[in-house]
Number of protein chains: 2
Amino acid sequence: MAAVGQLLADRGRCRILLALADGRALPASVLAAEAGVRPSTASGHLRKLTERGLIEVLPTGRYRYYRLAGPDVARLVEVIGRLAPTQPVRSLREGTRAHALRLARRCYDHIGGRLGVAVTDTLRERGFIEGPDGTPDLAAVRGDRLAGGVADEGDYRLTAKGHQELVTLGAMLPPGLGAVRCCIDWTEQRHHIAGALGRAVLEAFDTAGWIMPAATHRALRVTARGVAGLHEHFGIAWPPASTSRTAAGS
Amino acid sequence: MAAVGQLLADRGRCRILLALADGRALPASVLAAEAGVRPSTASGHLRKLTERGLIEVLPTGRYRYYRLAGPDVARLVEVIGRLAPTQPVRSLREGTRAHALRLARRCYDHIGGRLGVAVTDTLRERGFIEGPDGTPDLAAVRGDRLAGGVADEGDYRLTAKGHQELVTLGAMLPPGLGAVRCCIDWTEQRHHIAGALGRAVLEAFDTAGWIMPAATHRALRVTARGVAGLHEHFGIAWPPASTSRTAAGS
DNA sequence: ACGACACTTCACCGGCGGTCGAACCGACGC
DNA sequence: GCGTCGGTTCGACCGCCGGTGAAGTGTCGT
């Protein structure tokens with residue numbers, strides 16, 4: 001498994017994986033620019049990533065689109081991102097971009113950032129999902145780990161009321177969906193819904209025209225209709241009151 | 001996050017993390033032997049791992065015990081282990097050891113290997129937990145990832161009957177436990193219970209004297225009482241019929 | 001058919017990092 | 001007190017890997 005670790009040891013390759021973390025397929029030239037290296041270097045990285053099975057390639061004409069090889073890889077990026085230390089911002093452009101990412105972004109197949117956390121909070125407050133508080137108990141983590149008390153993933157479940165409400169909102173929920181996977185947000189350090197429910201919510205927001213993907217990166221922009229819908233159906237004021245700016249590292 | 005990846009890029013450091021994956025705290029000399037390097041080299045590795053916050057140290061007399069810094073790190077090892085390719089066995093000793101690991105092992109705070117999968121299967125067959133089949137649908141993973149069908153974690157939930165049965169068996173279940181986190185086993189590629197429920201089951205098996213930790217590594221040995229108890233309460237024949245031998249890499 | 005473009009391969013360079021032995025520090029046992 | 005043992009630090013060696021530019025292959029426009 002050190003072989004996989006070697007792939008994650010390079011800054012450029014990490015940037016490539018991060019750029020693909022929203023589930024899209026991107027051509028090699030875009031990934032080279034994203035990684036900040038020459039096309040030849042990026043080509044070598046992409047070759048190694050595909051050889052190890054972390055990403056897969058879809059040749060289309062003279063373009064070669066790369067994407068993550070599966071949900072396992074997305075989970076890996078998610079988990080390692082949570083352990084990675086945050087880095088200070090180096091430029092104004094990075095600052096605004098990191099700010100947009102922290103507000104709302106696609107996290108492979110669900111919504112991350114403040115928007116994801118806000119939606120999850122609302123679902124819990126209104127009794128649509130049941131489970132512990134969204135703030136992981138860091139004190140419990142520091143103590144005896146085996147004795148329990150760890151804020152684990154998957155400790156939520158969708159209630160009947162929540163199922164009904166989300167269906168009327170247009171979400172295509174798979175049958176028999178009970179438990180809800182939650183991942184702790186990369187920047188917010190709070191729970192937000194992921195898994196099948198997170199996927200359905202992202203699709204519902206997308207088909208309703210509430211969100212628009214940004215052109216350059218994986219950040220999400222909330223449309224005017226989205227602002228109204230979030231306020232009406234979820235009681236969320238968007239955009240939220242701004243807080244301190246700290247970029248997340250690569 | 002490339003900083004974390006660099007730590008995972010070395011074989012010796014991976015072996016150290018793997019040795020600590022069962023949640024124990026081990027002295028530096030043991031970890032050096034586990035990694036197959038000189039104490040000086042291991043000391044450097046341990047220093048880097050602690051500096052990055054992946055492990056923490058408990059100085060005790062002239063020994064210094066190291067352990068994983070928290071559940072996040074255990075999850076990282078779990079996820080990256082699933083993506084790592086399996087390596088062929090290099091010696092007879094490695095073969096028997098890998099065989100024991102594949103049978104039953106501690107996976108930070110729950111039971112992994114064939115035993116973990118067998119217990120999970122029984123729980124599902126008897127209606128103690130509800131959810132999809134334990135075999136992840138690999139075909140769905142290869143297809144359209146956003147359209148759903150992915151065998152996600154956390155799609156199980158504990159039923160009332162299961163709660164009652166496990167309590168009578170002596171498991172200390174935390175209140176309000178509904179959803180059950182499942183991780184796909186490292187070697188078996190099957191679901192097995194983890195999270196709070198997996199922790200409670202491991203504790204129950206341990207206090208009942210069904211399992212004994214191996215002296216040298218994180219493998220678990222099923223005692224005679226454990227064989228009887230597994231057969232009586234779970235209908236599991238132990239040890240299982242042997243299958244092909246393939247070691248899991250480091 | 002020609003040029004432009006996307007991407008890959010190759011040879012070369014430079015630097016980071018793993019490894020070890022030896023020395024050093026602190027804790028235990030007699 | 002001394003010797004032993006566990007652990008860390010230091011300096012030197014060396015192999016590996018990332019970066020690049022130039023050349024090569026295939027595809028798309030006109």
Side-chain angles (χ1 to χ4, degrees), chain A residues 1-20 24-67 84-85 87 216 249-250, chain B residues 1-20 24-67 84-85 215-216 249-250:
Chain A
M1 74 186 241
V4 181
Q6 275 186 339
L7 295 178
L8 301 170
D10 184 70
R11 189 141 59 258
R13 281 192 295 260
C14 281
R15 280 210 255 260
I16 289 175
L17 291 176
L18 239 16
L20 296 174
R24 287 180 305 180
L26 297 176
S29 55
V30 174
L31 294 174
E34 199 75 27
V37 292
R38 300 291 164 199
S40 57
T41 306
S43 180
H45 289 166
L46 293 171
R47 175 188 173 86
K48 293 183 180 179
L49 288 171
T50 48
E51 279 178 351
R52 290 294 178 190
L54 290 194
I55 62 176
E56 52 191 14
V57 57
L58 296 83
T60 308
R62 57 178 167 178
Y63 294 90
R64 301 192 69 185
Y65 287 92
Y66 290 90
R67 67 174 180 187
Q87 292 183 349
T216 59
S250 58
Chain B
M1 73 186 243
V4 181
Q6 274 186 340
L7 295 178
L8 301 170
D10 184 69
R11 202 190 277 92
R13 281 193 293 261
C14 282
R15 279 208 255 260
I16 289 175
L17 291 176
L18 239 17
L20 298 173
R24 287 179 305 180
L26 297 176
S29 55
V30 174
L31 294 174
E34 199 75 25
V37 292
R38 300 290 163 198
S40 57
T41 307
S43 182
H45 288 167
L46 293 171
R47 176 187 173 85
K48 292 184 179 178
L49 287 171
T50 47
E51 278 178 351
R52 288 296 179 189
L54 289 194
I55 63 177
E56 54 192 12
V57 58
L58 295 83
T60 308
R62 58 177 166 179
Y63 294 89
R64 301 192 68 184
Y65 288 92
Y66 290 91
R67 68 174 181 187
T216 59
S250 58

Report summary line: Whole-Å distance, B:L7 CG to C:dC16 C1', equals 14 Å
Query raised in the report: For nucleotides 19-30 of chain C, read 5' to 3', which letter fits each nucleotide if B means a protein heavy atom sits under 4.0 Å from the base, S means only the sugar-phosphate is that close, and - means neither?
Result: SBBB----BS--
Query raised in the report: When you check the phosphate oxygens OP1 and OP2 of C:dG17, does a side-chain N or O of B:K48 lie under 4.0 Å from one of them?
Result: no
Query raised in the report: With distance as the sole test, does B:T60 use its side chain to make a donor-acceptor pair with the main-chain N or O of B:L58 at under 3.5 Å?
Result: yes
Requested in this report: State, with a plain yes or no, whether a side-chain heavy atom of A:R52 is found less than 4.5 Å away from one of A:K48.
Outcome: no
**Report entry** Atom-to-atom span, CZ of A:R47 to C1' of C:dA6 - whole angstrom
**Finding:** 17 Å
Query raised in the report: Within the structure shown, what part of the strands sits under 4.0 Å from A:Y66 by heavy-atom distance: base, sugar-phosphate, or nothing?
Result: sugar-phosphate
Report summary line: dist B:L20:CG -> B:E34:CD (nearest 0.5 Å) comes out at 9.0 Å
Query - Criterion side chain to side chain contact (heavy atoms under 4.5 Å, CB included) on A:V57 and A:L46, from CA distance to verdict - result: CA-CA 9 Å; A:V57 57; A:L46 293 171; over 6 Å; no
Query - From B:I16 atom CD1 to B:L26 atom CG, the distance as rounded to the nearest 0.5 Å - result: 10.5 Å
**Report entry** Pairwise distance NE2(A:H45) to OG(A:S40) - rounded to 0.5 angstrom
**Finding:** 9.5 Å
Requested in this report: Could you tell me the separation between the CD atom of A:Q6 and the C1' atom of C:dG18, rounded to a whole number of Å?
Outcome: 12 Å
Requested in this report: Would you check if the side chain of A:R13 reaches a backbone N or O of A:Q6 as a donor-acceptor pair within less than 3.5 Å?
Outcome: yes
Query raised in the report: So B:L7 and B:L49, side chain to side chain contact (heavy atoms under 4.5 Å, CB included) or not? Walk me through it.
Result: CA-CA 7 Å; B:L7 295 178; B:L49 287 171; 4.1 Å; yes
Query raised in the report: Quick one: bend of the helix from C:dA1-D:dT30 to C:dC30-D:dG1 from 5 pairs per end, to 10°?
Result: 30°
**Report entry** CG on B:L31 to OH on B:Y65, rounded to 0.5 Å
**Finding:** 11.0 Å
Requested in this report: Anything under 4.0 Å to a heavy atom of chain B counts; send over the first and last such nucleotide of DNA chain D, read 5' to 3'.
Outcome: D:dC5 to D:dT9
Query - A:M1/B:L18 under side chain to side chain contact (heavy atoms under 4.5 Å, CB included): CA gap, chis, key distance, verdict - result: CA-CA 10 Å; A:M1 74 186 241; B:L18 239 17; 3.7 Å; yes
Query - Side-chain heavy-atom pair A:R67, A:E56 within 4.5 angstrom cut-off - result: yes
